[in-house]
Student: 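There's a structure below that I have some questions on.
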Amino acid sequence: MAAVALPLAFGGLSLLSLSMQRHAREAGVAIDPRWLRRLGWAAVLLSLAVAFVAPNWRFALVEWIGLLAAAAGLVVLTLYGRPRALPMLAAGGGLLAAVAGLARMIG
């Protein structure tokens, strides 16, 4: 569950932070903030859905809250250290989640 939910949460929180004018300016992003906000919330909710699909969803929900906090910390550290890398890392997080989800479905 964590292999799929963490990259999705990171990507979603990254998009949500990039929807703010200050962070978008620092990262050099020129996309409509409404789309970034919608996609960010969709990714966060998708990571929550992954937690509910887990066999032991009660424990997975608590684990998801911890993963969300870890993802938020990573977003903050990235914004502090290398804000221009955040859009690429957000896209990479979504791609990693897709690959991890496929690997889990196959094997």
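This is a predicted model, so every value here is computed, not measured. Just so you know, residue 1 is the first one in the sequence shown, and it goes up from there.
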Student: I need the Leu15 CG to Ile31 CD1 distance, nearest 0.5 Å.
Tutor: 8.5 Å
Student: Any chain of hydrophobic side-chain contacts (each under 4.5 Å) joining Leu67 to Val50?
Tutor: yes
Student: To the nearest 0.5 Å, what is the distance between CG (Leu86) and CG (Leu18)?
Tutor: 4.5 Å
Student: Locate the shortest heavy-atom distance separating Ser14 from Ala90; write the atom from each residue and the value.
Tutor: CB-CB, 3.5 Å
Student: Which pair of non-hydrogen atoms, one from Pro83 and one from Ala27, has the smallest distance, and what is that distance?
Tutor: O-CB, 3.2 Å
Student: Nearest 0.5 Å please: distance from the CE atom of Met20 over to the CG atom of Leu79.
Tutor: 8.5 Å
Student: For the CG atom of Leu48 and the CH2 atom of Trp64, what is their distance to the nearest 0.5 Å?
Tutor: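 These two atoms lie 4.5 Å from each other.
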Student: Tell me the closest heavy-atom pair linking Gly28 and Arg84, and the distance in Å.
Tutor: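 Reported closest heavy-atom pair: CA-NH1, 3.4 Å.
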Student: Which is it for Leu13 and Leu68 under the side-chain contact (heavy atoms from CB on, under 4.5 Å) test, yes or no, and what are the steps along the way?
Tutor: CA-CA 9 Å; Leu13 292 175; Leu68 197 64; 4.0 Å; yes
Student: So which heavy atom on Ala60 is nearest to which on Ala51, and how close?
Tutor: CB-O, 3.3 Å
Student: Taking atom OH of Tyr80 and atom CG of Leu77, what is their separation to the nearest 0.5 Å?
Tutor: 9.5 Å
Student: Quick check on the hydrophobic clustering: are Val44 and Trp57 connected, directly or via other members, by side-chain heavy-atom contacts under 4.5 Å?
Tutor: yes
Student: Can you run down the salt bridge (charged side-chain N to carboxylate O under 4.0 Å, His left out) pairs that involve residues 55-82, sequence neighbours left out, and say none if there aren't any?
Tutor: none
Student: Do Leu74 and Leu89 come close enough that some side-chain heavy atom pair is under 4.5 Å?
Tutor: no
Student: Could you give the distance from CG (Leu46) to CG (Leu8), rounded to the nearest 0.5 Å?
Tutor: 5.0 Å
Student: With the 4.5 Å side-chain cut-off for hydrophobic clustering, are Leu6 and Val53 part of the same group?
Tutor: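 Unlinked, Leu6 and Val53 end up in two clusters.
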Student: Would you check, one step at a time, whether the test side-chain contact (heavy atoms from CB on, under 4.5 Å) holds for Val75 with Leu16?
Tutor: CA-CA 10 Å; Val75 169; Leu16 285 172; over 6 Å; no
